[in-house]
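Lettering follows sequence order; numbering is per chain, from 1. Worth knowing before you read on, the calculation uses all heavy atoms, side chains too, and leaves out hydrogens, waters and symmetry mates.
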Number of protein chains: 2
Amino acid sequence: MSVKKVVRGEGETRQRILKAAIEHFEKASYDDVGLRDIAADVGVDVAYVHRSFGSKEGLFREVLLTAGKAESVSELTVDELPAAFARQLFQREHDADGDIEPLLILVRSLTSRKAGGLVSERLSAELIDPLQAKFGDSDPFRAATIISLLIGLSVMRNLLKLPSVSEADVISSEKLVARAIEGIINSTDTSQAHESGKNVLA
Amino acid sequence: MSVKKVVRGEGETRQRILKAAIEHFEKASYDDVGLRDIAADVGVDVAYVHRSFGSKEGLFREVLLTAGKAESVSELTVDELPAAFARQLFQREHDADGDIEPLLILVRSLTSRKAGGLVSERLSAELIDPLQAKFGDSDPFRAATIISLLIGLSVMRNLLKLPSVSEADVISSEKLVARAIEGIINSTDTSQAHESGKNVLA
DNA sequence: ACCTTATGTCAACGATTGTTGACTTACAAT
DNA sequence: ATTGTAAGTCAACAATCGTTGACATAAGGT
């Protein structure tokens, strides 16, 4: 009587598939993660992975939504933003527990044609829009610049594994990033003299 | 007598293939660009595209080397860096001539497993290493942070096409980016009180 | 007992991809 | 005339991928 369900599998196995998928999408891009890889980890057939989420894209969408829950930009004040972002960026060093890194999953699949739309959408909804709202609607580029720095640093740390970056001192690096974000926040539209540090500009 | 040549095609057609390949790799990632797409543009067979460069990876490597020639970090002084980088970032707006954007090609294929190694290598050789040398070997993270910002901004502008970023005022955005880079350069190792703006760190 | 529904598996399809061997054509040198 | 080499085509291969139809199994409801 009722229409045939397109998405099957709502029980425990579905959660295990979702968890395995998150781990895979943390380590490789959308295109480089095969449904067969995930299926092998869970110990089920490929077809069941597919049907549990309707399509590979459906699975990835659910991965992004699930992992995105950890994000909490709205709870922060502008004052706390720089330190909080910097801390989250280097979180991987401190605690080695199994918590997921939402930004990393998005960054991993940035360049994929098939996943690009979803990545762009979630990145806007979870990071850029909230941050822009925090700054007010005027000058939306400031928020975008901060997010750009975060994305770039995530790329630098996770995608390209450069020794000079990975082996850098975590504490001072975190402070540098925090100050950089701070600098972007404090930057005004009017050109303004910098008083801190020696002036390297002519 | 002599060993069989693996790479064929050193004449004019090879250059046309290379040019077409550059245009494709500027618009899509390594995995999303097919040799057949390039071949169709040039008007030759797929097999000839492949054999002219030995492999798809060989073609991509040559694309990166050819496009990388345009880079000129070493010629700049530290003083000129912020403005120069910011200008290059927004170059697409001003002139619409057909010059290539080397950073964009690298950014486009950041997340590809197959191209990741080459991207990482060229990014180091052409941008990060020269910039680190300019800052001196101590504190290599400062150079990496600047490059991170550039990469992030390129991602923001070209990969995710967010209206709030694309429609932002080019002039003031360029100034903001230049000031952000400036701020990273001026930041010192010692934790130091900021006198401009309110101190947002606890 | 009967029917339904959810959970899975198995095998295969269709499309795409980089790659390769064989062939043709043309031009230049011996 | 013959040989050799570069340019370019054609057809096909092998692998991978997401996807789908058919089937088996077990549990619950009536």
Side-chain angles (χ1 to χ4, degrees), chain A residues 1-21 24-25 27-63 108-109 111-118, chain B residues 1-21 24-25 27-63 108-109 111-118:
Chain A
M1 181 52 73
S2 60
V3 282
K4 295 287 171 58
K5 284 189 82 162
V6 185
V7 176
R8 310 199 303 202
E10 313 201 351
E12 176 199 5
T13 312
R14 186 188 154 98
Q15 297 302 320
R16 290 172 50 220
I17 295 176
L18 191 57
K19 183 178 175 183
H24 275 279
F25 286 125
K27 295 177 193 149
S29 86
Y30 179 86
D31 297 302
D32 288 331
V33 172
L35 294 187
R36 286 172 174 82
D37 303 330
I38 301 173
D41 270 21
V42 185
V44 295
D45 194 86
V46 205
Y48 195 62
V49 173
H50 178 265
R51 271 196 258 259
S52 294
F53 296 87
S55 67
K56 185 184 182 181
E57 186 182 327
L59 169 58
F60 187 65
R61 181 181 289 115
E62 194 118 347
V63 162
R108 278 265 184 227
S109 297
T111 69
S112 165
R113 181 179 58 93
K114 294 171 188 165
L118 277 175
Chain B
M1 178 56 74
S2 60
V3 283
K4 296 288 171 57
K5 284 189 84 164
V6 185
V7 175
R8 308 198 305 204
E10 315 201 350
E12 176 199 4
T13 313
R14 186 188 154 98
Q15 296 302 320
R16 291 174 48 222
I17 294 176
L18 192 56
K19 183 178 176 183
H24 275 279
F25 286 124
K27 295 176 192 148
S29 86
Y30 179 86
D31 297 302
D32 288 332
V33 172
L35 295 187
R36 284 169 176 84
D37 303 330
I38 301 173
D41 271 21
V42 185
V44 295
D45 194 87
V46 206
Y48 194 61
V49 174
H50 178 265
R51 272 195 258 257
S52 294
F53 297 87
S55 65
K56 184 183 180 180
E57 186 182 326
L59 169 59
F60 188 65
R61 181 181 290 111
E62 195 119 347
V63 163
R108 277 267 185 226
S109 297
T111 70
S112 165
R113 181 179 58 93
K114 294 172 188 164
L118 277 174

Q: Ignoring backbone atoms, establish whether A/Thr13 has a side-chain N or O less than 4.0 Å from OP1 or OP2 of C/dT7.
A: no

Q) Counting just side-chain N and O atoms, does B/His50 come under 4.0 Å of either OP1 or OP2 of C/dG18? A) no

Output the single nucleotide from [options] whose closest atom is nearest the side chain of [X].
X	options	answer
A/Arg36	D/dT19, C/dT9, C/dG18	D/dT19
A/Tyr48	D/dG18, C/dT9, D/dC10	C/dT9
A/Val46	C/dT19, C/dT9, D/dT19	D/dT19
A/Lys56	C/dT9, D/dC10, D/dC17	D/dC17

Q. With a 4.0 Å cut-off on heavy atoms, is A/Val42 in touch with a base, just the backbone sugar-phosphate, or nothing at all?
A. nothing

Q: Just call it for A/Gly43: base, sugar-phosphate, or nothing, with non-hydrogen atoms closer than 4.0 Å on any strand.
A: sugar-phosphate

Q) Given axes from five pairs at either end, by how many degrees does the helix from C/dA1-D/dT30 to C/dT30-D/dA1 bend, rounded to 10°? A) 20°

Q) Does the B/Ser112 side chain pair with the main chain of B/Ala115, one donor and one acceptor, at a distance under 3.5 Å? A) yes

Q.
Just the rounded figure in Å: distance from C1' of C/dA15 to CG of A/Asp31.
A. 15 Å

Q) What's the spacing between B/Leu118 CG and B/Arg61 CZ if we round to 0.5 Å? A) 5.0 Å

